[in-house]
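The structure appears right after this line, and notes come after that.
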Protein chains: 2
Amino acid sequence: MSRTVADRAAAIAAVAEVFREHGFEGASLSAITARTGLGKGSLYYFFPGGKEEMAEAVLAEIDGWFTRAIFSPLRDDADPEAAIRRMLRETDSYFRSGRRVCLIGAFALGDTRDRFAARIAAYFAAWRAALAEALMRANRPEASERAEHAVLAIQGALVLARALGDQAVFVRALERLERELLAE
Amino acid sequence: MSRTVADRAAAIAAVAEVFREHGFEGASLSAITARTGLGKGSLYYFFPGGKEEMAEAVLAEIDGWFTRAIFSPLRDDADPEAAIRRMLRETDSYFRSGRRVCLIGAFALGDTRDRFAARIAAYFAAWRAALAEALMRANRPEASERAEHAVLAIQGALVLARALGDQAVFVRALERLERELLAE
DNA sequence: GTCTATACAGCGATAGAC
DNA sequence: GTCTATCGCTGTATAGAC
């Protein structure tokens with residue numbers, strides 16, 4: 001069994017890493033075949049729509065993960081403060097303390113924004129709304145403002161950490177956010 | 001005179017917009033010839049090193065602009081508070097209140113980071129250091145922390161504003177920064 | 001389902017006339 | 001300095017055998 005990837009779900013995860021590292025334009029089909037271990041034929045069998053469909057699938061998968069791990073708890077957890085702390089913990093772990101880039105944020109900056117505008121906007125709007133909801137439930141003032149600022153700070157921290165090659169920037173930003181978000 | 005671009009300096013400005021809109025990989029030579037009005041021959045006459053040299057020139061030009069308009073005043077202006085306000089004003093205007101993307105930030109997220117790592121890191125480090133210097137001269141506490149947070153928040157605001165297609169996000173972020181930076 | 005072979009368009013870059 | 005023509009390569013995508 002020399003196959004690297006067994007099914008569509010595993011293929012999506014592999015493709016996601018290629019997009020994350022090279023962006024949409026930069027992710028060549030040959031890079032994708034190399035990473036997934038699938039030939040072009042198999043790739044087009046799973047994703048008849050080509051690269052565009054692969055990117056759609058990747059965005060949907062990321063959105064699903066964040067919804068389950070972060071957005072839903074922020075909206076529904078009986079303890080909103082705990083959900084906020086969980087958000088920060090999961091965010092740190094998902095982005096590998098700043099070593100990993102946000103694919104959706106990167107897509108937002110490039111040509112890709114127009115192509116996937118709806119998905120990109122929905123992801124960030126959902127994050128901001130869920131966090132605002134948790135802050136309101138936790139009786140913190142200026143919930144919307146704090147939520148928007150937190151989402152934006154996470155994206156900025158990823159940019160700056162990568163630009164400076166210093167993941168400590170990201171870790172510091174999350175620590176600051178914990179203080180700011182939960183302050184009375 | 002059907003020429004669009006008369007000299008190297010004007011060519012750099014035109015090329016910068018193409019990189020800003022399409023990224024490094026996405027900026028095809030034919031898009032660049034279209035925007036500059038120069039044929040490939042002329043382009044390679046100005047930039048013998050091809051796309052890589054064009055990008056170098058663009059990064060240097062942006063770095064120079066920020067140094068003159070923002071970083072130097074932050075370091076040297078006799079009134080550091082005025083320099084900080086000027087930074088926020090120039091930042092708003094440079095990024096067209098969030099409609100324009102930060103080319104250097106976008107480069108930092110992609111494959112391009114490794115290629116231009118030194119320039120990218122230098123730009124952000126200079127901004128952070130100059131702002132910290134101004135905050136210290138203005139006797140504000142936690143100057144380094146505030147400066148890092150401000151630089152990161154500007155980048156994040158650009159990402160989020162573009163992702164949501166809502167420049168108000170960027171404007172709000174700058175207003176918040178003015179309050180936070182200048183608070184005693 | 002997976003592979004190899006291939007089509008063909010577009011890429012970055014160069015040559016050389018003007 | 002600027003242009004057009006062209007090179008060689010890689011890109012996405014498809015066809016068809018297995």
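Nothing here was measured: the structure is a model prediction, and the numbers come from that model. A note on names: the letters A, B, ... follow the listed sequences, proteins ahead of strands, and every chain is numbered from 1.
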On DNA chain D, check which nucleotide each of Phe24(A) and Gly41(A) is closest to and give me the residue with the more 5' one.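 It is Phe24(A), whose closest nucleotide lies nearer the 5' terminus.
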Relative to the 5' end of DNA chain D, which residue comes earlier, Lys40(A) or Lys40(B), by the nucleotide with the nearest heavy atom?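 Going by which nucleotide is closer to the 5' end, it is Lys40(B).
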Side-chain touch Met87(B)/Pro73(B), heavy atoms, less than 4.5 angstrom: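 No - every pair of side-chain heavy atoms lies 4.5 Å or more apart.
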With salt bridge (Lys or Arg N to Asp or Glu O under 4.0 Å) as the test, pick out the partner of Glu21(B) among Arg100(B), Arg35(B), Arg162(B).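 Among Arg100(B), Arg35(B), Arg162(B), the one meeting salt bridge (Lys or Arg N to Asp or Glu O under 4.0 Å) with Glu21(B) is Arg35(B).
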Rounded to whole Å, how long is the line connecting atom [atom1] of [X] with atom [atom2] of [N]?
X        : N       : atom1 : atom2 : value
Ile32(B) : dC11(C) : CD1   : C1'   : 12 Å
Phe47(A) : dT12(D) : CZ    : P     : 15 Å
Leu29(B) : dC3(D)  : CG    : C1'   : 14 Å
Tyr44(B) : dT4(D)  : OH    : P     : 16 Å
His22(B) : dG10(C) : NE2   : P     : 15 Å
Glu25(A) : dG12(C) : CD    : P     : 11 Å
Phe46(B) : dT14(C) : CZ    : P     : 17 Å
Tyr45(A) : dG1(C)  : OH    : C1'   : 6 Å

For Ala27(A), which contact category applies under a 4.0 Å heavy-atom criterion: base, sugar-phosphate, or nothing?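 Result for Ala27(A) = sugar-phosphate.
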Which is true for Ser42(A) with a 4.0 Å heavy-atom rule: it touches a base, it touches only sugar-phosphate, or it touches nothing?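 Here Ser42(A) touches the bases of the nucleic acid.
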Between Arg146(B) and Glu180(B) (salt bridge meaning N to carboxylate O under 4.0 Å), is one present in this structure?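 The answer is no: the pair does not qualify as a salt bridge.
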Starting the side chain at C-beta, find the nucleotide from dC11(C), dG11(D), dT12(D) nearest to Ser30(B).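 The nucleotide sitting nearest to the side chain is dC11(C).
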Using the six-membered ring wherever Trp is involved, compare the ring planes of Trp127(B) and Phe71(B) and label them parallel, tilted or perpendicular (cut-offs 30° and 60°).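 If you compare the ring of Trp127(B) with that of Phe71(B), the planes turn out tilted.
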